[in-house]
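The structure that follows is given in the form of C-alpha cells.
Order of appearance sets the numbers: ligands from 1, and atoms from 1 within every ligand.
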Amino acid sequence: MTAAQLTLVQIDNYGPWTVTPEPRREMDLQTLQSRLFADLAQYIGNRGGYVFFTRFDNMVAVTNGLDRRDHELLQESVGNRYPVTVSLGVGVDEVPIEALETATERVQAAGSAQSSDRSEALAGEFRDGDDEGEGDVHVAHFDVNDATGKYTDRLNEFDSFINIEQGYASLMKYMREEHGALSFFVGGDNVIAACPDLSHDEYMGAIDHVAADADVQLKVGVGSGETPHEAGYAAKHALEDCRYEGTLVEFA
Ligand SMILES: Nc1nc2c(ncn2[C@@H]2O[C@H](COP(=O)(O)OP(=O)(O)OP(=O)(O)O)[C@@H](O)[C@H]2O)c(=O)[nH]1
C-alpha cells in the first residue's frame, strides 16, 4: 500500500516577530527565510525527504524515512541557530492532501500561528521506517516543453515568469482538486508533485487541462520509491525518457 508522510513546518509566532519592536528590514527577512529553507532542504534531503518552500513561513515536507527523533533534532537545531522556532505536524495517508490535512490539524490544535504560547510543538504519527513492505511514495516531476525556446530566449524575465506561473497555478489546482496531489514550483520551469498512485491517463488529463486552461505545454516523469528522493530521482529519469522518446508521460 502507498502512503505519504507529510510534515507541515510552521514558524512559531513569526508575524509578530517580523514587526517587533518595529518592522524589520525586508531583505533581512528574505535572508532568514531562504536560509531556513536551505537548512531544511539539507537536513531533510540528507535523510531522503523533500521539502518545498511554499510560503516560507509555512513549508511542506514529504518525510517518508524520517522518524520522530529526526523531527525533534530538526527543531532543536533550528532553535539553537535561528531567532525563531518551528512547530511540526506530521500525517500519513495514501492521499497526500489528506496527510497534510492531518498534519495541519495537529499544528493548529497546538495553538495559533501567531500565539506566543506555542513553541516547538511536535505532533503526529510516523510511518514505521522498519517496515519495508509498507509501500512506496509517488513523485511526479513536471516540466514545461521547450521553456527556453518559448520563453527564456524570447521574452523578458517577468513575462517568462508570468507564463510559467500561470501553468503552475493551473496544474497545482487541478492536481489538488482531482487527485489530492500536492504540486510545488521548484524553480526554472519545474514542478514536483507528491501524488497518490495515478495512471497514465490521469497524468495525461492533467497535461491536457493545463494546455487548454493556461496554454502551457507540460510533460511529466513519474517515479516511486521508499523515500521521496528515490521516487523523485526515478521521476527525473522518466522525464529524460520523455525527452528521448518525445512523449508527454513516462513512468520509471
Ligand atoms: N529544480 C529543477 N530545475 C530544473 C531541473 N531541470 C531543469 N531545471 C530548470 O529548468 C530550466 C529549463 O531547463 P529545461 O527544462 O531542461 O529546458 P527546456 O527549454 O524546457 O527544454 P525541455 O525540457 O527539454 O523541453 C533550467 O534553467 C533550470 O532552471 C531539475 O531537475 N530541477
K219 neighbourhood, listing ligand 1 atoms whose heavy-atom distance to it stays under 4.0 Å
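Near K219, the atoms of ligand 1 are 22 (P), 23 (O), 25 (O).
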
Using a 4.0 Å cutoff against the non-hydrogen atoms of N145, which atoms of ligand 1 qualify?
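With N145 as reference, the close atoms of ligand 1 come out as 25 (O).
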
Atoms of ligand 1, numbered as shown, that sit under 4.0 Å from any heavy atom of R243
14 (P), 15 (O), 16 (O), 22 (P), 23 (O), 24 (O)

May I ask whether K150 has any heavy atom positioned less than 4.0 angstrom from an atom of ligand 1?
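Under 4.0 Å: no for K150.
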
For atom 26 (C) of ligand 1, decide whether some protein heavy-atom distance is shorter than 4.0 Å.
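No, there is none.
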
To which protein heavy atom is atom 28 (C) of ligand 1 closest, and what is the distance rounded to 0.1 Å?
G188 CA, 4.3 Å

For A234 versus G223, what's the shortest heavy-atom pair and its separation?
CB-CA, 3.9 Å

Here the atoms of ligand 1 under 4.0 Å from any heavy atom belonging to K236 are 30 (C), 31 (O), 32 (N)

Just let me know how V186 lines up against ligand 1, side chain, backbone, both or neither, with a heavy-atom cut-off below 4.0 Å.
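Under 4.0 Å from ligand 1, V186 contributes backbone and side-chain atoms.
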
Please determine if K173 and D213 form a salt bridge, counting it only when a charged side-chain N lies under 4.0 Å from a carboxylate O.
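The answer is no: the pair does not qualify as a salt bridge.
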
I need the I44 CD1 to T7 OG1 distance, nearest 0.5 Å.
6.5 Å

Atom pair CD1 (I97) and OG1 (T102), whose distance is rounded to the nearest 0.5 Å:
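Nearest 0.5 Å value for the CD1-OG1 distance: 10.0 Å.
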
Heavy-atom distances under 4.0 Å decide this one: backbone, side chain, both or neither, for D143 against ligand 1?
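Just the side chain.
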
Tell me, which protein residue and heavy-atom name are nearest atom 19 (O) of ligand 1, and how many Å apart are they?
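Ranking protein heavy atoms by distance from atom 19 (O) of ligand 1, first comes T148 OG1, 2.5 Å.
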
Should the ring pair Y203 and F142 be called parallel, tilted or perpendicular, given that the plane angle runs from 0 to 90° and is split at 30 and 60?
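Y203 vs F142 ring planes: tilted.
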
Counting heavy atoms only, which of D153, N190, I164 comes nearest to atom 5 (C) of ligand 1?
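That would be N190.
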
Protein heavy-atom partner closest to atom 12 (C) of ligand 1 - residue, atom, separation in Å
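Here the closest protein heavy atom is D189 OD1, 3.5 Å.
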
Is there a donor-acceptor contact under 3.5 Å from the side chain of T18 to the main chain of G15?
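Answer holds: yes.
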
Specify whether the nearest protein heavy atom to atom 23 (O) of ligand 1 is under 4.0 angstrom away.
yes

Proximity of T152 to ligand 1 by residue part, where a heavy atom lies under 4.0 Å
neither

